[in-house]
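Single-structure report; data block below.
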Amino acid sequence: MTSALLRNIAAQDFAEYRGRVTRLSGARIEADGPLSRLGDYCEIETATGDDVLAEVVVVEPERLILMPLAASSAVSLGGRVVASQRFSRFIVGDGLANRALDALGRPIDGQADPADVESIERRSVLAAALDRVTPDRRITTGLRAIDMLLPIGEGQRIGIFAASGVGKTSLVEQLSRQIECDHVILCLVGERGREVEALWSGHRDKPAGAATTIVAATSDESASMRVRAVEQALAMAEHWRGKGRHVVLFIDSVTRLALALREVGLAAGEPPTLRALTPNVFSALPKIVERCGAIRGGGAITAIFTVLSETDDVDDPIVELMKSLLDGHVILSRRLAEKVHFPAIDVGSSVSRLASHLLDGDALDLSRQVQTILAEYAEARTMVESGIYRKGSSAAIDRAIEIIPLLNEFLRQPASEHADPGAATRQLRALLVDGPTHG
Ligand SMILES: Nc1ncnc2c1ncn2[C@@H]1O[C@H](COP(=O)(O)OP(=O)(O)O)[C@@H](O)[C@H]1O
Ligand SMILES: [Mg+2]
């Protein structure tokens, strides 16, 4: 009898699932409950009847600090705070292929709620560990500059670095339409609504290619939503990778993600450090990169991150961090963009750490020849462009001067052109062997 009673008591749940708003200041809301863990979601009841969803960013013995995910002006002191089961989970599954979603998994493509989805605990995906393998299979992107000279491997993590307006988003758009894989996930963080719309219509109307999912949190949405968009996109990518599929995940842009993380960090009381960024920025980005990649036994997430790099001379901590984390850098150059050379990929400055793994002997040889010519030219550029260089002084520079215009012609490519790698290899070989005579 006693033991039955004790068992009964032990089975009871005495946790407090409700709290009240105790303080409001700027973007943060304090409450005296419910009992929560970091990263949990709560709904805050308001007088207007529209509950405000908020994320728990600080847990202390007597108080919680929450970051609202939407406009919070309707929240008032004493408002009830209730733990939200639904939004402490992500949705994943095949029903999300060819859909556009917000950071909470709600459709933004004008169609009904996705069917054929499961939900998974946010906490469980954030903790997963991986048995990763080095990429050894080249992906075809249909972009000559990349396929021939800066090849991307299945499961590789690469960055596209450029100043603003040089073509990061445009390159992401072209790659996402053409790249060979099972699923494309376009995670758009802090873009303008108009850009999201344009990207989505480009995918909706494309004749062929991989199933595409857009997860977007635009610039007018809260910092928590912008961070969550990336988590939702990663959860989907990991789900499909777990089924043995090849997912290409684009995150545009990591810089805006870092700014959103900083906003969350500041609200949680973290101290601003380098360039006013908070420590959580430097711990979150490596984890995001680590979660991508190819795993033993099949399935891969190839990740392509865009990073804003405004100037070449000042060290930008986000640029430095991402370069150290990623195994390939595609650098876009304003100089090329100004010459209407698109995609504005500066092949000489870009790095493909896996080129020797991914290209076969012949293609690797061609790519090395091109890199040598570009390096020769880069050294002599100032002399050549200022007219000081005299033809005949160096056979290597003479050859570079002849080949470079042809090479630029080869590397320029309209956004609508899908280049066949076989044909591109033949073109490149002809260009290097025959030189200007056949140009
Ligand atoms: N492949 C391309 N072909 C033609 N124009 C391009 C191309 N890529 C970029 N541009 C031009 O550059 C502008 C800015 O590109 P965008 O991709 O938005 O840059 P970012 O994302 O780096 O700010 C575009 O509006 C377009 O005018
Ligand atoms: Mg952009």
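Values below: every heavy atom of this structure, side chains too, minus hydrogens, waters and symmetry copies. Source: prediction; values computed, not measured.
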* Asked: Hey, mind stepping through Ile179 and Val184 against side-chain contact (heavy atoms from CB on, under 4.5 Å) and telling me if it holds?
  -> CA-CA 8 Å; Ile179 202 160; Val184 164; 4.0 Å; yes

* Let me see the working for Arg99 and Asp113 under salt bridge (charged side-chain N to carboxylate O under 4.0 Å, His left out), right down to the final yes or no. => CA-CA 10 Å; Arg99 299 297 308 263; Asp113 273 343; over 6 Å; no

* Carefully, step by step, assess Ser88 and Asp40 under the rule side chain to side chain donor-acceptor pair (under 3.5 Å). => CA-CA 6 Å; Ser88 296; Asp40 282 351; 4.6 Å; no

* To do: Decide yes or no on side-chain contact (heavy atoms from CB on, under 4.5 Å) for Glu376 and Ile373, but give the supporting numbers first.
  => CA-CA 5 Å; Glu376 288 287 349; Ile373 291 169; 5.7 Å; no

* Go through the steps to decide whether Arg429 and Asp362 satisfy the test salt bridge (charged side-chain N to carboxylate O under 4.0 Å, His left out), and finish with yes or no. => CA-CA 9 Å; Arg429 189 184 300 116; Asp362 189 27; 2.4 Å; yes

* To do: Please step through side chain to side chain donor-acceptor pair (under 3.5 Å) for the pair Thr169 and Asp252, ending with a clear verdict.
  => CA-CA 7 Å; Thr169 301; Asp252 185 21; 2.8 Å; yes

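Under a 4.0 Å N-O distance rule, the pair Glu320/Lys323 does not qualify as a salt bridge. Salt-bridge annotation for Arg353 and Asp327: absent, with no side-chain N of the basic residue lying under 4.0 Å from a carboxylate O of the acidic one. With respect to Arg291 and Glu238, a salt bridge is recorded, a charged nitrogen being found less than 4.0 Å from a carboxylate O. A salt bridge links Glu290 and Arg132; the closest N-O separation between the charged side-chain nitrogens and carboxylate oxygens is under 4.0 Å. One finds no salt bridge joining Glu55 and Arg228 here, because no Lys/Arg side-chain nitrogen approaches an Asp/Glu carboxylate oxygen to under 4.0 Å. Residues Arg138 and Asp147 are not paired through a salt bridge, judged by the lack of any N-O separation under 4.0 Å between the basic side chain and the carboxylate.
Between the Gln232 side chain and the Ala229 main chain, no donor and acceptor come within less than 3.5 Å of each other. Formation of a donor-acceptor pair under 3.5 Å by the Arg241 side chain with backbone atoms of Gly293 is found in this model. A side-chain donor-acceptor contact under 3.5 Å links Arg144 to the backbone of Phe410. With hydrogens and angles ignored, the 3.5 Å screen pairs no side-chain donor or acceptor of Gln174 with any backbone N or O of His418. With hydrogens and angles disregarded, no donor-acceptor distance shorter than 3.5 Å links the side chain of Arg296 to the backbone of Asp131. Counting only distance, with no hydrogens or angles, the side chain of Asp316 and the backbone of Ser309 share no donor-acceptor pair below 3.5 Å. One N or O on the side chain of Lys168 and one on the backbone of Ala162 form a donor-acceptor pair closer than 3.5 Å. Looking at Ser72, its side chain never comes within 3.5 Å of a backbone N or O of Val75 through a donor-acceptor pair. Between the side chain of Gln413 and the backbone N or O of Gly142, at least one donor-acceptor pair lies under 3.5 Å.
A 4.5 Å side-chain heavy-atom check between Leu407 and Leu428 finds at least one atom pair inside the cut-off. Side chains of Phe161 and Ser350 form no contact here, defined as non-hydrogen atoms less than 4.5 Å apart.
Using modelled atom types and a 3.5 Å distance limit, the side chains of Thr302 and His246 yield a donor-acceptor pair. A donor and an acceptor atom, one from each side chain of Thr212 and His203, are located under 3.5 Å apart. Side chain to side chain, Ser170 and Glu173 fail the donor-acceptor criterion of an N or O pair below 3.5 Å. His183 and Thr213 share no donor-acceptor pair across their side chains, judged by distance under 3.5 Å alone.
Taking Glu270 as the reference, Thr278, Pro279, Asn280 meet the side-chain contact (heavy atoms from CB on, under 4.5 Å) condition, with sequence neighbours excluded.
Once rounded to the nearest 0.5 Å, the distance linking CD1 of Ile91 with CG of Leu101 reads 5.5 Å. Note: Glu191 CD to Leu199 CG = 7.5 Å, rounded to the nearest 0.5 Å. In this structure, the separation between CG on Leu261 and CG on Leu285 is 6.0 Å, given to the nearest 0.5 Å. Atom NE2 of His341 and atom CG of Leu411 lie 5.5 Å apart (nearest 0.5 Å). Between Leu104 atom CG and Leu69 atom CG the span is 6.0 Å, to the nearest 0.5 Å.
For the pair Arg381 and Tyr389, the cation-pi test (distance below 6.0 Å, angle within 45°) is failed. Geometrically, Arg412 does not engage Phe342 in a cation-pi contact defined by less than 6.0 Å to the ring centre and at most 45° from the axis.
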